[in-house]
Amino acid sequence: MRTVNLPDGEPVPVLGQGTWRMGESNADRAAEVKALQHGIDLGLTLIDTAEMYGEGGAEQVIREAMQGRRDELFLVSKVYPHNASRSGVREACERSLKRLNTDRIDLYLLHWRQSNDIAQALHGFEDLVEAGMIRHFGVSNFDLADTQEWCDLAGGDRLATNQVLYNLMRRWPEGDLLPWCRERNIPLMAYTPLEPATSRVAAVLEPVAQRHDASVAQIALAWVLAQPGVIAIPKASNSKHVEENIAALEIELTPDDHAELDRAFPPPDGPSPMEMN
Ligand code: NAP
């Protein structure tokens with residue numbers, strides 16, 4: 001598996017597994033567990049979740065999927081902003097650890113910004129690192145101004161990632177956030193990478209897909225994976241999708257493919273407002 005380094009030099013896989021909408025229904029649970037396990041077997045060891053997903057249900061699905069394999073995994077979870085006071089962060093993390101049945105989360109993120117006082121979350125994260133409950137921390141849905149504000153706080157320069165909406169249809173990070181992160185060796189974690197393939201614009205990807213004997217989802221994912229310093233976390237609750245997503249790592253888009261995709265989905269010509277799900 002190709003990796004990208006966190007700012008402290010630790011390598012993490014460029015392709016992981018998302019879990020939004022998992023753990024919401026008992027009927028889907030077995031398939032979700034099986035898909036995650038299949039992904040782990042094939043090397044998708046970075047798993048992204050949040051206390052919000054299924055109100056803890058997704059973390060419980062991961063617990064079931066990872067039995068006996070905790071040490072193979074890099075677990076990412078997120079705290080709700082309304083829990084992000086210094087003490088609230090600790091309590092939320094304790095609940096997540098319990099649901100995941102583990103003693104540590106590898107990367108813990110503030111899910112989005114709600115309060116002016118982001119230092120509270122940062123202090124909470126520092127306490128958790130000190131206690132060995134998390135190993136790295138970061139943010140999600142922060143635009144460049146918010147990210148800079150975080151990094152300017154004492155201790156904020158230990159930011160490990162910013163997880164944002166980034167795909168062919170949502171190229172806003174290229175305007176300022178992505179170059180800024182690259183200069184600092186902070187990987188950007190791209191969520192909803194398959195949006196172009198699961199929306200009405202999917203047909204636009206067809207010609208490129210045909211040239212590579214691939215699906216439109218694989219082309220959407222291959223494009224995100226072609227961006228230096230970016231980690232993609234597609235969610236798949238079906239094992240065939242998991243296999244297709246891993247195979248996207250092998251697709252090398254040509255300069256002509258990139259030119260065609262740039263014409264259909266032009267990059268921003270300067271800083272652009274953040275988009276989020
Ligand atoms: P996504 O991964 O872009 O798309 C998921 C959808 O694509 C599901 O319907 C899935 O179906 C389908 N799919 C997966 N692989 C496919 C393939 N090879 N071919 C065709 N369809 C395929 O969207 P997402 O779940 O919104 O984003 C990914 C992850 O990012 C989330 O799960 C979550 O962990 C994270 N996220 C974070 C935030 C945030 O605010 N930080 C927001 C949104 C998402 P099946 O499930 O049936 O396989």
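Scope of the values below: all heavy atoms of this structure, side chains included, with no hydrogens, waters or symmetry mates. Counting convention: from 1, in listed order, for ligands and their atoms alike.
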Inset, instruction - At a heavy-atom distance under 4.0 Å, which protein residues reach ligand 1? Sort them by chain and number, would you? - result: Gly18, Thr19, Trp20, Asp48, Tyr53, Lys78, His111, Ser140, Asn141, Gln163, Tyr191, Thr192, Pro193, Leu194, Glu195, Thr198, Ala217, Ile233, Pro234, Lys235, Ala236, Ser237, Asn238, His241, Glu244, Asn245, Asn277
Inset, instruction - Show your working on side-chain hydrogen bond (donor to acceptor under 3.5 Å, both in side chains) between Ser115 and Gln120 and close with a plain yes or no. - result: CA-CA 9 Å; Ser115 141; Gln120 284 278 321; over 6 Å; no
Inset, instruction - Using side chain to side chain donor-acceptor pair (under 3.5 Å) as the criterion, point out the one residue from Gln17, Lys235, Gln163 that pairs with Asp48. - result: Gln163
Inset, instruction - For the pair Tyr191 (side chain) and Asn277 (backbone), establish whether a donor and an acceptor sit closer than 3.5 Å, ignoring hydrogens and angles. - result: yes
Inset, instruction - Please determine which of Arg69, Arg99, Lys34, Arg29 meets the salt bridge (Lys or Arg N to Asp or Glu O under 4.0 Å) test together with Glu64. - result: Arg29
Inset, instruction - Work out which heavy atom in Pro187 is nearest to a heavy atom in Ala160; give both atom names and the distance. - result: CD-O, 3.3 Å
Inset, instruction - Pick out which of Arg95, Met52, His111 makes a side chain to side chain contact (heavy atoms under 4.5 Å, CB included) with Asn83. - result: Arg95
